[in-house]
*Asks:* 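Have a look at the structure that comes next, please.
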Amino acid sequence: MSTSTRDEEPATSAESPGRPSNFVRDIILDDLKTNKYTGRVHTRFPPEPNGYLHIGHAKSICLNFGLAAEFGGKTNLRFDDTNPEKEEQEYVDSIITDARWLGANWEDRMFYASDYFDQLHAWAVQLIKAGKAYVDDLGAEEVRKYRGSLTEPGVESPYRNRSVEENLDLFERMRQGEFPDGSRILRAKIDMESPNLNLRDPVMYRILHASHHRTGDKWCIYPMYDFAHGQSDSLEQITHSICTLEFEDHRPLYNWFIQQLGIFPSQQIEFDRLNLTYTLLSKRKLLQLVQEGRVRGWDDPRMPTISGIRRRGYTPQAIRNFCAAIGVSKTNGIIDLAMLEHFVREDLNKQAPRAMVVLRPLRVVIDNYPEGQVEELEVVNNPEDASAGTRRVPFARVLYIEQDDFRLDPPKKFFRLSPGHEVRLRGGYFITCTNVVKDERTGEVVGVHCTYDPATRSGNAPDNRKVKATIHWVSAQHAIDAEVRIYENLFTNEDPGQVPEGQDFTVNLNPNSLEILTNAKLEPSLATAKLGDRYQFERLGYFCADLDSKPGALVFNRTVPLRDTWAKIEKRQQESR
RNA sequence: UGGGCGGUCGACUAAUGGUAGGUCAAGUGCCUUUGGAGCACUUUGUCUAGGUUCGAAUCCUAGCCGCCCAGCCA
């Protein structure tokens, strides 16, 4: 089995000239007009390799790559790897795979903040020499105290006014590994009374005797985000450095370093992070789910990670369309998960070949159908796409239908099979229920007897007789057994971060987020399904072959169910009761 | 109670002093060999109060509400 690559297309956000704009795009348009960057647009996507990419990153990828592509610019992939304690090669590998899958193309421009460690160090020395940075001997606890609070100004460290020589010497000895972790830091000398806490002599370098996934043991001091990010942007000549809202307070610092160093003035622009109902988009919490075994790994199909969503059966196009549709702004909102689901359905409806699968089988015997007879009935592969052609499906005397498609006592508006009623078997015949077989002890219906009308072959009614329902079916003797995994929301709470006092977000976990059906019956054409192949199982939803599939033991994931009008009606009926 | 940033249908987002529009959701009808898809229609909105203006979602003033910031995380 191998995954197909036909999914991979450019991650542009939208193409038509009349497209709705957004404020970031407007800024670029304006910069282009004023020739601020000599007509250049160069963005970057800067993930930290401390976890897997999720749907929130997809928004950022679409924005960064989409905007640059629209204006003939470029986008770099840059790993923000300044904290060796949290970062791993596994994460950089997955990020590359996932970003590519989404359609991001950075050509040969894949960088690491760690590529710039030498330059960053030199710049730190430069700032020390300019009297703009100093080595502080305060411990973490004291640094916090000296920083003041939201409402009180900070107090200058007693080490703030060391001589340049002493600072240079100390910083060099920090680099040499002479001091233990946490014993000293390099700080920028800005303003301990600034109302913006980020400007109260922010830390530039900390001592970390940790081995880095790329630089190994070359360094035991590592730059902080604030001292690395802007300069990395600048080195790469990034024109528009797009990040999320929580960095707004950092922008003055971002600009301060660039200005003090006199380097290329990249411009930071902040937009709102994606929030989705019933979904958690925090790498820390997703990591926790993985580590505690609440899910089966980063690529569990219930996870909002790109790898999870991919395994679930989503297409990159659907994700791109979603990202284009939700727009970009500065309001912190929460997108209805239904919006995401809409875009997969929309995409898969056009693409996915149909197949008949019975999830929870109920045995049907067509009493008047000749024993031993088998017909090959022709059915269309995709009513939305004539070019998808047709296939043959075997029909015989004993079939399986969905348990949900039969009711002994049909409620109002239930049009499917029930005693005395006629339905159409999709692409087959009209059948009428004549009798049921019950389990003697439980009273449960375990089988149904029907008669068929030979004149209705392929589902046509020569007399124009109407049936109110068409149901799917699989020939019992030809059916393939398979496992089907049904997913529900991972969380029961619309905002899973909302947690009762003293509790953990895991209280919101949905105990029914995964249901494994081991007795599904597949039409025989599905035998050749390959990893990642996506289908619409008629009347049920979109499904794809999971990587747990083995020859002769297929496993399918439900990507998303079809919209279900009957379920809504039934729910309303139950609520009004 | 410091600073920063926001508040437009149920959700998201346009309108950049000149008809409050689109998408999702919800609902109704049509159509249907998927109760799918499609099509048509419908409901609901400018945080509040003042002001400027011929005209305000947009500008001004004052409130109210929400989010972010006190990591040697990013």
Side-chain angles (χ1 to χ4, degrees), chain A residues 20-23 26 46-48 50 80-83 85-87 136 138-140 143-145 147-154 181-187 194-200 202-208 222 224-226 228-229 243-252 270 272 277 283-284 322 324-343 345-346 349-350 354 356 379-380 383-384 413-416 424-428 430 456 458-461 467-472 536-541 561-569:
Chain A
S21 196
N22 62 60
F23 83 99
D26 290 343
E48 182 189 10
N50 68 341
D80 219 332
D81 57 349
T82 56
N83 184 355
E85 293 183 327
K86 290 185 176 172
E87 294 148 10
D136 196 341
L138 256 25
V143 166
R144 192 185 325 134
K145 276 189 206 135
R147 187 157 31 225
S149 73
L150 294 179
T151 50
E152 299 156 326
D181 288 4
S183 59
R184 277 179 237 259
I185 49 178
L186 183 71
R187 305 178 74 172
S194 171
N196 181 345
L197 301 255
N198 293 119
L199 263 21
R200 320 246 259 229
V203 179
M204 294 163 59
Y205 268 92
R206 76 285 215 185
I207 300 172
L208 243 32
Y222 291 92
M224 299 287 290
Y225 166 86
D226 285 309
H229 202 95
C243 64
T244 43
L245 251 26
E246 68 270 26
F247 291 102
E248 261 171 332
D249 285 347
H250 294 246
R251 188 174 355 114
E270 312 87 10
D272 63 328
T277 56
K283 277 201 268 185
R284 205 201 92 235
F322 167 76
I326 59 176
V328 178
S329 71
K330 297 186 73 144
T331 56
N332 350 54
I334 181 158
I335 310 267
D336 194 334
L337 184 59
M339 181 88 90
L340 214 211
E341 295 179 336
H342 163 79
F343 285 100
R345 289 197 189 98
E346 180 188 64
N349 178 48
K350 291 177 288 188
R354 315 282 125 127
M356 289 201 282
V379 296
V380 300
E384 303 292 320
K413 292 187 179 170
F414 182 88
F415 303 140
R416 282 110 93 146
R424 174 191 289 113
L425 293 177
R426 166 127 249 226
F430 285 16
T456 57
S458 290
N460 300 306
V467 283
K468 277 190 163 169
T470 299
I471 65 175
H472 59 279
Q536 184 196 100
F537 291 175
E538 292 221 33
R539 304 208 306 131
L540 298 173
L562 249 28
R563 294 187 55 176
D564 190 342
T565 306
W566 165 245
K568 276 183 207 165
I569 295 170

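Side chains are part of it too, since the values below use all heavy atoms of this structure and drop only hydrogens, waters and symmetry mates. Bear in mind that the values here come from a model prediction, so they are computed numbers and not experimental data. To find a chain, count down the sequence lines: A is the first, B the second, and so on, and within it residues start at 1.
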*Asks:* Could you measure between the two P atoms, the one in rU8(B) and the one in rC47(B), and give it in whole Å?
*Replies:* 6 Å
*Asks:* Taking OP1 and OP2 of rU32(B), is either one under 4.0 Å from a side-chain nitrogen or oxygen of K468(A)?
*Replies:*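 Answer no for this pair, as no side-chain N or O of K468(A) is under 4.0 Å from OP1 or OP2.
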*Asks:* Walk me through it: do F415(A) and W566(A) pass the test ring pair (Phe, Tyr, Trp, His ring centres under 6.0 Å)?
*Replies:* CA-CA 9 Å; F415(A) 303 140; W566(A) 165 245; 7.6 Å; no
*Asks:* F537(A) near the nucleic acid: base, sugar-phosphate alone, or nothing, with a heavy-atom cut-off under 4.0 Å?
*Replies:* nothing
*Asks:* So V380(A), base contact, sugar-phosphate only, or nothing? Heavy-atom distance under 4.0 Å.
*Replies:*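 Nothing, no nucleic acid heavy atom in range.
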*Asks:* Checking all strands, does A325(A) fall into the base, sugar-phosphate, or nothing category for heavy-atom contacts under 4.0 angstrom?
*Replies:*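 No contact at all - A325(A) keeps every heavy atom at 4.0 Å or more from the nucleic acid.
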*Asks:* Need one value for I335(A): base, sugar-phosphate or nothing, where a base atom within 4.0 Å counts as base even if backbone is also close, heavy atoms only.
*Replies:*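 Here I335(A) touches the backbone only, sparing every base.
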*Asks:* Check this one for me: any side-chain N or O of T82(A) less than 4.0 Å away from OP1 or OP2 of rA74(B)?
*Replies:*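 Affirmative; the distance criterion is met.
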*Asks:* F343(A) has a side chain; which of rG36(B), rU23(B), rG71(B) sits nearest to it?
*Replies:*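 Nearest to the side chain of F343(A) among the choices is rU23(B).
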*Asks:* Where the side chain of H342(A) is defined as all heavy atoms beyond and including C-beta, which of rA25(B), rC72(B), rG35(B) is the nearest nucleotide?
*Replies:*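 My answer, after comparing the listed nucleotides, is rA25(B).
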*Asks:* Please state the C1' separation for the pair rA70(B) and rU52(B) - nearest whole angstrom.
*Replies:* 41 Å
*Asks:* Among rA70(B), rA11(B), rG35(B), find the nucleotide with the atom closest to the side chain of L150(A).
*Replies:* rA70(B)
*Asks:* Using a 4.0 Å heavy-atom cut-off, does H229(A) contact any base of the nucleic acid, only the sugar-phosphate backbone, or nothing at all?
*Replies:*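 No contact.
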*Asks:* Under 4.0 Å between a side-chain N/O of H472(A) and OP1 or OP2 of rU34(B), yes or no?
*Replies:*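 Answer is no, no contact under 4.0 Å.
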*Asks:* Could a donor-acceptor pair under 3.5 angstrom be found where the side chain of E384(A) meets the base of rG36(B)?
*Replies:*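 In this structure, the two groups form a donor-acceptor pair.
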*Asks:* Tell me what R424(A) touches on the nucleic acid: a base, only sugar-phosphate, or nothing, going by heavy atoms under 4.0 Å.
*Replies:*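 Answer is base: heavy atoms of R424(A) come under 4.0 Å of a base.
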*Asks:* Given atom OH of Y222(A) and atom C1' of rA74(B), what is their separation to the nearest angstrom?
*Replies:* 16 Å
*Asks:* More than 12 non-hydrogen atoms from neighbouring residues, nucleotides or ligands closer than 6.0 Å to NZ on K468(A), yes or no?
*Replies:*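 At most 12 heavy atoms, drawn from other residues, nucleotides or ligands, come within 6.0 Å of this atom.
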*Asks:* R184(A) CZ to rC72(B) P: how many Å, rounded?
*Replies:* 17 Å
*Asks:* Rounded to whole angstrom units, what separation is found between the CZ atom of R187(A) and the P atom of rC72(B)?
*Replies:*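 From R187(A) CZ to rC72(B) P: 8 Å.
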*Asks:* Taking the same atom, C1', in rC9(B) and in rA57(B), what whole-Å distance lies between them?
*Replies:*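 14 Å, rounded to whole Å.
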*Asks:* For atom P, what is the distance between rG10(B) and rG45(B), given to the nearest Å?
*Replies:* 7 Å
*Asks:* Starting at CD1 of I326(A) and ending at P of rU23(B), how long is that distance when rounded to a whole Å?
*Replies:*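 It is 17 Å, rounded to the nearest whole Å.
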*Asks:* Ignoring backbone atoms, establish whether R144(A) has a side-chain N or O less than 4.0 Å from OP1 or OP2 of rC72(B).
*Replies:* no
*Asks:* Please state the P separation for the pair rC12(B) and rG66(B) - nearest whole angstrom.
*Replies:* 16 Å
*Asks:* Between rU34(B) and R354(A), is there an OP1 or OP2 to side-chain N/O distance shorter than 4.0 Å?
*Replies:*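 So the side chain of R354(A) is outside the cut-off, no N or O lying under 4.0 Å from OP1 or OP2 of rU34(B).
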*Asks:* Can a side chain N or O of R426(A) be found less than 4.0 Å away from OP1 or OP2 on rU32(B)?
*Replies:* no
*Asks:* Once you round it to whole Å, what is the distance between C1' of rC69(B) and CG of L199(A)?
*Replies:* 12 Å
*Asks:* Have a look at E538(A) and say if it touches a base, only the backbone sugar-phosphate, or nothing, with a 4.0 Å heavy-atom cut-off.
*Replies:*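 Answer is base: heavy atoms of E538(A) come under 4.0 Å of a base.
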*Asks:* Judged by each residue's nearest nucleotide on RNA chain B, which is more toward the 5′ side, D26(A) or N83(A)?
*Replies:* D26(A)
*Asks:* Can you find a donor-acceptor N/O pair under 3.5 angstrom joining the side chain of R539(A) to the base of rG35(B)?
*Replies:*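 Per atom types, no contact qualifies.
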*Asks:* Could you state the atom-to-atom distance from CE of M339(A) to P of rG22(B) in whole Å?
*Replies:*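 So the two atoms are 14 Å apart, to the nearest Å.
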*Asks:* Rounding to the closest angstrom, what is the interatomic distance between rA74(B) and rG18(B) at atom P?
*Replies:* 45 Å
*Asks:* Please write out each protein N/O paired with an N/O of nucleotides 40-46 of chain B under 3.5 Å, distance rounded to 0.1 Å.
*Replies:*
none

*Asks:* Under 4.0 Å between a side-chain N/O of R206(A) and OP1 or OP2 of rG71(B), yes or no?
*Replies:* no
*Asks:* Is a side-chain donor-acceptor pair under 3.5 Å present for R426(A) with H472(A)?
*Replies:*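 On atom types as modelled, these side chains do not qualify, holding no pair under 3.5 Å.
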*Asks:* Are side-chain heavy atoms of M224(A) and P202(A) found at a separation under 4.5 Å?
*Replies:*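 SC-SC contact between M224(A) and P202(A) ruled out.
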*Asks:* Side chain of S329(A): nearest nucleotide among rA11(B), rU13(B), rG2(B)?
*Replies:* rU13(B)
*Asks:* Of all the choices, rG71(B), rG2(B), rC5(B), which nucleotide is nearest to the side chain of M224(A) once you look at every atom?
*Replies:*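 For the M224(A) side chain, the nearest candidate turns out to be rG71(B).
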*Asks:* From the list rG3(B), rU34(B), rC12(B), which nucleotide is the closest neighbour of the side chain of P195(A)?
*Replies:* rG3(B)
*Asks:* I want to check one thing: is the phosphate of rU13(B), taken as OP1 and OP2, less than 4.0 Å away from some side-chain N or O of T331(A)?
*Replies:*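 Yes, because at least one side-chain N or O of T331(A) sits under 4.0 Å from OP1 or OP2 of rU13(B).
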*Asks:* Of the candidate nucleotides rA70(B), rC12(B), rA74(B), which contains the atom at the shortest distance from the side chain of Y225(A)?
*Replies:* rA74(B)
*Asks:* Please list, pair by pair, any protein nitrogen or oxygen found under 3.5 Å from a nitrogen or oxygen in nucleotides 66-68 of chain B.
*Replies:*
from: rC67(B); atom 1: O2'; to: N332(A); atom 2: ND2; distance (Å): 3.0

*Asks:* Kindly say whether G459(A) contributes a backbone atom to a donor-acceptor pair with the side chain of R424(A) at under 3.5 angstrom?
*Replies:*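 Checking the backbone N and O of G459(A) against the side chain of R424(A), a donor-acceptor pair under 3.5 Å is found.
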*Asks:* Less than 4.5 Å apart, any side-chain heavy atom of F430(A) and any of L425(A)?
*Replies:*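 No, side chains not in contact.
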*Asks:* Between E48(A) and T565(A), just flag the one whose closest nucleotide in RNA chain B comes earlier from the 5' side.
*Replies:*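 With E48(A) and T565(A) compared, the 5'-side residue is T565(A).
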*Asks:* Roughly how far, to the nearest 0.5 Å, is the CG atom of L540(A) from the CG atom of D564(A)?
*Replies:*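 The CG atom of D564(A) sits 9.5 Å away from the CG atom of L540(A).
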*Asks:* Would rG6(B) be called syn or anti here, given the cut-off of 90° from 0?
*Replies:*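 What rG6(B) shows is an anti base, its glycosidic angle lying more than 90° from 0.
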*Asks:* Can any side-chain N or O of E346(A) pair as donor or acceptor with the backbone N or O of H342(A) at less than 3.5 Å?
*Replies:*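 Checking the backbone N and O of H342(A) against the side chain of E346(A), no donor-acceptor pair under 3.5 Å is found.
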*Asks:* Pick one: which of R147(A), R187(A), R206(A), R184(A) meets salt bridge (charged side-chain N to carboxylate O under 4.0 Å, His left out) with D136(A)?
*Replies:* R187(A)
*Asks:* Quick one: label L138(A) by what it contacts on the DNA or RNA (base, sugar-phosphate, nothing), any heavy atom closer than 4.0 Å.
*Replies:*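 Base, at least one base atom sits under 4.0 Å.
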*Asks:* For rU13(B) versus rC30(B), give the span between their C1' atoms, rounded off to a whole number of Å.
*Replies:* 30 Å
*Asks:* Mind checking the C1' distance from rA56(B) to rU16(B)? Whole angstroms is fine.
*Replies:* 13 Å
*Asks:* Pick base, sugar-phosphate or nothing for Q536(A), based on heavy-atom distances below 4.0 Å to the nucleic acid.
*Replies:* base
*Asks:* Choosing from rC72(B), rA26(B), rC12(B), which nucleotide comes nearest the side chain of R563(A)?
*Replies:* rA26(B)
